[in-house]
Amino acid sequence: TLGFAFKCRKKAFYEDPETIDHIRYHSGEAAVHRLHALKELEVDVAMALLGLSGCADTVIGNENLKGVSGGERRRVTLGEMLVTGSQVMCCDEISTGLDSAATFDIIAYLRSAAHALQKSVIVALLQPPPEVIDLFDDIIVLAEGKMIYHGPRDDILEYFTNLGFKLPADKDLGDFIVEIPTRNGEMYMMNDEELEKNNITRPPPKTPAELAQRWEESDLFAEELKEIEAERSNMKPHLFDHDRMPERSYLRSFWDTFVWSITLRLRDRIQIVARIMANVVVGAFFGSLFWQLTIDDWWLKAMLFLMALMFLVSTSFPVVQIISQQRPIFYKHVEAKFYTASQFTLAQFVTSIPFVTFDVMCFGASMYWMCGLAPHLDAFLVFLFICISFGISMNTIMTMFPFITPDENTGIVSAALYLILSVVASGALSVESMIPIAFRWMMWINPLAWSYRALAINEYHTPEYNHNPCKFEIVGIKITLFVNCSDYFLDVREVRPDDWYIPAAIAVNALASCLFLAIMIYGL
């Protein structure tokens, strides 16, 4: 994960010719070699600083897959941002959902990373424990959008004491500071005797506006302004500028995203094993259930084509849940400029191709030869090609639903509704004449309908069905028809006997994939 983040953002800086020439000109060839060495070590350094070296080869995990702990997962997110080259990190309430020990560990790791990598880390916490406060170099206190303190951690207690506030012995520093701008702050105000004893002539401020005004009148605020002016006057242009970081080419970014996507898929061994078992078991079940069908079972073959396509649909349907769970990661990566929406969408599309091909080769090959379909190599290859194109289009369509629906449950319901309508308008359960005229257009835009018809034409246009008269037997009744078997079997299912349906079906599947890819890119 950290290696992918580094490739997406900062690796281009190390490989930029202008950067390398600048370093070589000002610091010599040895500095260039050190730069190349740092490129190979930066991810390892970040992992060591965050305490992630021990779980480097452990999956992140999710609700269904055990992975790293909650604290380690939070540190992985921080590590992604550390290796991007950003000079400023803003962390908002990173302790949410973590216990105090995990919060302490994360802040300690951030402190080490900030010092070692020369980064500025801004962390917003609500009522942090004292041991966490002790890890900060500087503290900023805000109240109602106004700054009431910004300075070294060691000076904060003295500052508020000089304003007339007293820290009780049984109160944590964090709770004390947070409550000062609230109505509870009056409990910590010194009485007149204590104010006189500490040589405090002005009464303690009561409102955030008064606290902000007293801060702007303080010596710490004046010293801070002087430091800022001094830094501005001595500021020199830096070689490394995050806003002008060299960008990778579109193809290079796409390739890195594709490698990352397929690596994640391959590391999910449970899914791969389940996929293999499903292909083998379902293929063997179909093969034994429809063992060596003959011409008398031509109507069963028509149902077999639908069942084969529906199996490919079932392998694509889990994508809705998987992508729904990965959607927050996608938005985080896009905001961090790891990749664009089009690069991610295309990478997911290309990643699905080998998995769909594997499904079709395992399931389709066993089912085809065990069920006694046309024993011709060309017909078998066309069968595989139609199924692969359909599987890819369905995988693309299923990938779209998580990105156009607000949550996972809505995405699953929407995908299920689409599949139901696709099956109804496929021409397999109900032929075209049974569908109301107003809804027949659904068949012509339905990839399932085109693929089903293409499989039927591919099977029934083989020499085994080229008989006239057509003789077959159904439930013990011998039937003889003075028509060509091929034309009759297709006509019963109201499938036009035109061979151009096969390339047209592949084209429709490809067009559907392109269309839904475009919808995803536009919607994202």
Side-chain angles (χ1 to χ4, degrees), residues 2 5-6 9-10 42 45-46 49-52 71 73-98 100 102-157 159-160 172-178 180-181 208 211-212 215-216 218 220-221 223-232 235 238 240-243 245 328 331-333 335-338:
L2 268 63
F6 176 76
R9 297 294 292 132
K10 198 173 181 182
E42 183 160 347
V45 170
L49 291 172
L50 293 172
L52 296 172
R73 186 175 303 177
R74 196 68 57 87
R75 277 180 270 155
V76 169
T77 301
L78 296 174
E80 283 185 299
M81 300 300 108
L82 280 177
V83 298
T84 59
S86 302
Q87 296 301 287
V88 178
M89 285 185 60
C90 299
C91 307
D92 184 20
E93 298 185 20
I94 58 175
S95 61
T96 303
L98 301 177
S100 58
T103 301
F104 177 84
D105 290 339
I106 289 177
I107 300 300
Y109 289 129
L110 277 178
R111 175 186 173 91
S112 301
H115 290 173
L117 301 178
Q118 297 295 304
K119 295 178 181 290
S120 298
V121 181
I122 303 174
V123 182
L125 296 175
L126 293 177
Q127 296 180 311
E131 60 271 13
V132 172
I133 293 179
D134 292 339
L135 296 174
F136 286 89
D137 298 319
D138 296 302
I139 292 179
I140 300 174
V141 184
L142 301 175
E144 296 183 0
K146 298 178 177 62
M147 182 182 294
I148 62 177
Y149 179 82
H150 177 207
R153 168 183 51 83
D154 296 333
D155 297 340
I156 188 170
L157 181 58
Y159 172 77
F160 283 105
D172 291 338
L173 178 60
D175 295 338
F176 169 69
I177 295 172
V178 170
I180 283 178
L211 286 165
W215 162 246
E216 294 176 357
S218 66
L220 287 174
F221 181 76
E223 292 176 4
E224 189 174 87
L225 289 181
K226 290 180 181 179
E227 290 179 2
I228 294 175
E229 293 299 329
E231 289 181 0
R232 285 180 176 177
M235 189 176 294
H238 292 282
F240 182 78
D241 185 349
H242 174 73
D243 294 330
M245 185 182 296
Y331 287 123
K332 178 184 68 175
H333 286 176
E335 290 177 356
K337 298 183 178 180
F338 285 9

Requested in this report: I would like to know whether F136 and L110 meet side chain to side chain contact (heavy atoms under 4.5 Å, CB included); could you show each step before the answer?
Outcome: CA-CA 10 Å; F136 286 89; L110 277 178; over 6 Å; no
Query - Any side-chain heavy-atom pair of L142 and I148 under 4.5 Å - result: no
Query raised in the report: From D134 CG over to I107 CD1, what is the distance, rounded to the nearest 0.5 angstrom?
Result: 12.5 Å
Requested in this report: Would you give the length of the straight line joining atom CD1 of I177 to atom CD1 of I133, rounded to the nearest 0.5 angstrom?
Outcome: 5.5 Å
Requested in this report: Could you tell me whether the side chain of D137 reaches within less than 4.5 Å of the side chain of H115, counting heavy atoms only?
Outcome: yes
Report summary line: When rounded to the nearest 0.5 Å, the distance separating CD1 of I156 from CZ of F176 is 9.0 Å
Query raised in the report: Do I140 and M147 come close enough that some side-chain heavy atom pair is under 4.5 Å?
Result: yes
Query - A212 to K146 - nearest heavy-atom pair and separation - result: CB-CB, 3.9 Å
Requested in this report: For residues L173 and P130, determine if any side-chain heavy atom of one lies less than 4.5 Å from a side-chain heavy atom of the other.
Outcome: no
Query - Inter-residue atom distance L220.CG - Y159.OH, 0.5 Å rounding - result: 7.5 Å
Query raised in the report: Okay, side chain of R153, backbone of D138: is any donor-acceptor separation there less than 3.5 Å?
Result: no
Query - Verdict with reasoning, V88 to V121, per side chain to side chain contact (heavy atoms under 4.5 Å, CB included) - result: CA-CA 6 Å; V88 178; V121 181; over 6 Å; no
Report summary line: Of all heavy-atom pairs linking P181 and A143, the shortest is CB-CB, 3.5 Å
Report task. Compare all side-chain heavy atoms of I122 with those of C91 and state whether any distance is below 4.5 angstrom. Result -> no
Report task. Determine whether F221 and L225 make a side-chain contact, defined as any pair of heavy atoms from C-beta on separated by less than 4.5 Å. Result -> yes
**Report entry** Minimum side-chain heavy-atom gap P129-F104 below 4.5 Å
**Finding:** no
Requested in this report: Go through the steps to decide whether L211 and Y149 satisfy the test side chain to side chain contact (heavy atoms under 4.5 Å, CB included), and finish with yes or no.
Outcome: CA-CA 9 Å; L211 286 165; Y149 179 82; over 6 Å; no
Report summary line: Rounding to 0.5 Å, atoms CD1 (I228) and CD (E223) come to a distance of 12.0 Å
Query raised in the report: Heavy-atom distance under 4.5 Å between the side chains of H150 and W215, does that happen here?
Result: yes
